[in-house]
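Throughout, numbering of the chain's residues begins at 1 and tracks the sequence. In this text the structure is predicted, and so the values were computed from the model without any measurement. Heavy atoms only: backbone and side chains are in, while hydrogens, waters and symmetry mates are out.
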Amino acid sequence: MTIPAILARPLSNEFFFITGYRLFMVIMVVISVTLLFSLLRYTRLGIRIRAGTLDLETVAALGINVRMLRSLNFSVGIFLAGLSGVLAAGQLGLEPTMGAGLLMPSFIAIIVGGVGSLTGTLLGGLLIGVASGVTAVFFPQASDAIMYVMMAIVLLIRPRGLLGEEGMMS
């Protein structure tokens, strides 16, 4: 998969690594995250999804079709996974294992941010990404290890993650 020529060019000579396609990806991610947060915060479906994560039995007792709710939730997740795959294909190329290298950092971002917290996962992902990027500039050999060190530090200080809630997984 090739990036269109107009998006492959750097935006400036000083920041040659910032291309039009990377800016496009950032804009698409910001739009997607904003829409996801809006869906979860301001719609009936979002309220039901959030309630279902806390107490599924009560949601079912209130007459909400839990099977349909899970299917819609799963559909939103599949859509976001597909969108991220399409966006990443322009940078990483298409191959069957293109997401294998992103799986562990994603899992660590969820743990660092706090399991069950979407905002925490975003924060964890940003922290892991920035730390890996900065480490890659100054000490490239440790750029993969820094995320494990960050995870260990966060779990030692706050076992539920940065924005995780007490008793969320019990």
Side-chain angles (χ1 to χ4, degrees), residues 1-43 45-46 49-50 53 69-155 161-164 168:
M1 184 172 169
T2 58
I3 300 171
I6 194 164
L7 293 176
R9 291 185 304 210
L11 296 179
S12 70
N13 291 332
E14 294 83 28
F15 300 108
F16 61 90
F17 54 88
I18 300 177
T19 63
Y21 187 72
R22 287 188 177 188
L23 184 62
F24 170 73
M25 284 184 1
V26 168
I27 291 169
M28 288 299 295
V29 167
V30 168
I31 290 171
S32 299
V33 168
T34 303
L35 288 175
L36 179 63
F37 272 94
S38 297
L39 171 85
L40 291 174
R41 176 82 176 153
Y42 300 112
T43 66
L45 174 64
I49 289 172
R50 287 186 293 135
T53 60
L69 185 65
R70 285 184 172 178
S71 296
L72 288 171
N73 197 13
F74 188 70
S75 300
V76 170
I78 288 175
F79 172 76
L80 292 174
L83 179 65
S84 64
V86 168
L87 290 174
Q91 288 293 126
L92 303 175
L94 281 174
E95 59 182 66
T97 60
M98 68 185 267
L102 303 174
L103 190 60
M104 201 58 178
S106 300
F107 181 66
I108 291 173
I110 292 168
I111 292 173
V112 167
V115 175
S117 171
L118 187 57
T119 308
T121 300
L122 288 172
L123 177 65
L126 283 172
L127 289 174
I128 295 294
V130 169
S132 293
V134 169
T135 306
V137 170
F138 295 109
F139 192 49
Q141 297 87 351
S143 65
D144 286 337
I146 191 69
M147 62 183 161
Y148 297 103
V149 171
M150 286 180 64
M151 180 177 70
I153 291 169
V154 167
L155 289 177
L162 295 175
L163 298 180
M168 184 66 178

Legend entry - Pairs satisfying side chain to side chain donor-acceptor pair (under 3.5 Å), at least one member in residues 22-42, at least two apart: none
Inset, instruction - Return the set of residues passing side chain to side chain contact (heavy atoms under 4.5 Å, CB included) with I78 (not counting sequence neighbours), or none when no residue passes. - result: F74
Legend entry - Between CE on residue M151 and CD1 on residue I111, distance to nearest 0.5 Å: 5.0 Å
Inset, instruction - With sequence neighbours excluded, tell me which residues meet side chain to side chain contact (heavy atoms under 4.5 Å, CB included) with L45. - result: L39, T43, I49, L69, L72
Legend entry - Sequence-distant partners of A81, side chain to side chain contact (heavy atoms under 4.5 Å, CB included), two or more places apart: none
Inset, instruction - Would you give the length of the straight line joining atom CE of M147 to atom CZ of F107, rounded to the nearest 0.5 angstrom? - result: 12.0 Å
Inset, instruction - Output the distance between atom CG (L118) and atom CG (L123), rounded to the nearest 0.5 Å. - result: 11.5 Å
Legend entry - Neighbour count >12 (heavy atoms, 6.0 Å) for atom CZ, F24: no
Inset, instruction - List for me each residue that meets side chain to side chain contact (heavy atoms under 4.5 Å, CB included) alongside V33, sequence neighbours excluded, and say none if there are none. - result: V29, F37, L122
Inset, instruction - Can you tell me which residue pairs pass the side chain to side chain donor-acceptor pair (under 3.5 Å) test with a partner in residues 70-80, sequence neighbours excluded? - result: none
Inset, instruction - Any side chain to side chain donor-acceptor pair (under 3.5 Å) involving residues 94-108? Give me the pairs, sequence neighbours left out, ordered by first then second residue. - result: E95-T97
Legend entry - Distance-minimising heavy-atom pair for L87 and M25: O-SD, 3.4 Å
Legend entry - Shortest non-hydrogen separation from S117 to G120 and the atoms involved: OG-N, 2.9 Å
Legend entry - Side-chain donor/acceptor of R9 to backbone N/O of G20, under 3.5 Å: no
Legend entry - Between CG on residue L36 and CD1 on residue I31, distance to nearest 0.5 Å: 13.5 Å
Would you tabulate the side-chain donor-acceptor contacts of residues 124-136 under 3.5 Å, counting partners in other chains and residues two or more places apart, or write 'none'?
| from | atom 1 | to | atom 2 | distance (Å) |
| --- | --- | --- | --- | --- |
| S132 | OG | I128 | O | 3.0 |
| S132 | OG | S143 | O | 3.4 |
| T135 | OG1 | A131 | O | 2.6 |

Inset, instruction - Quick one: closest heavy-atom pair of L40 and R50, and the distance? - result: O-NE, 2.6 Å
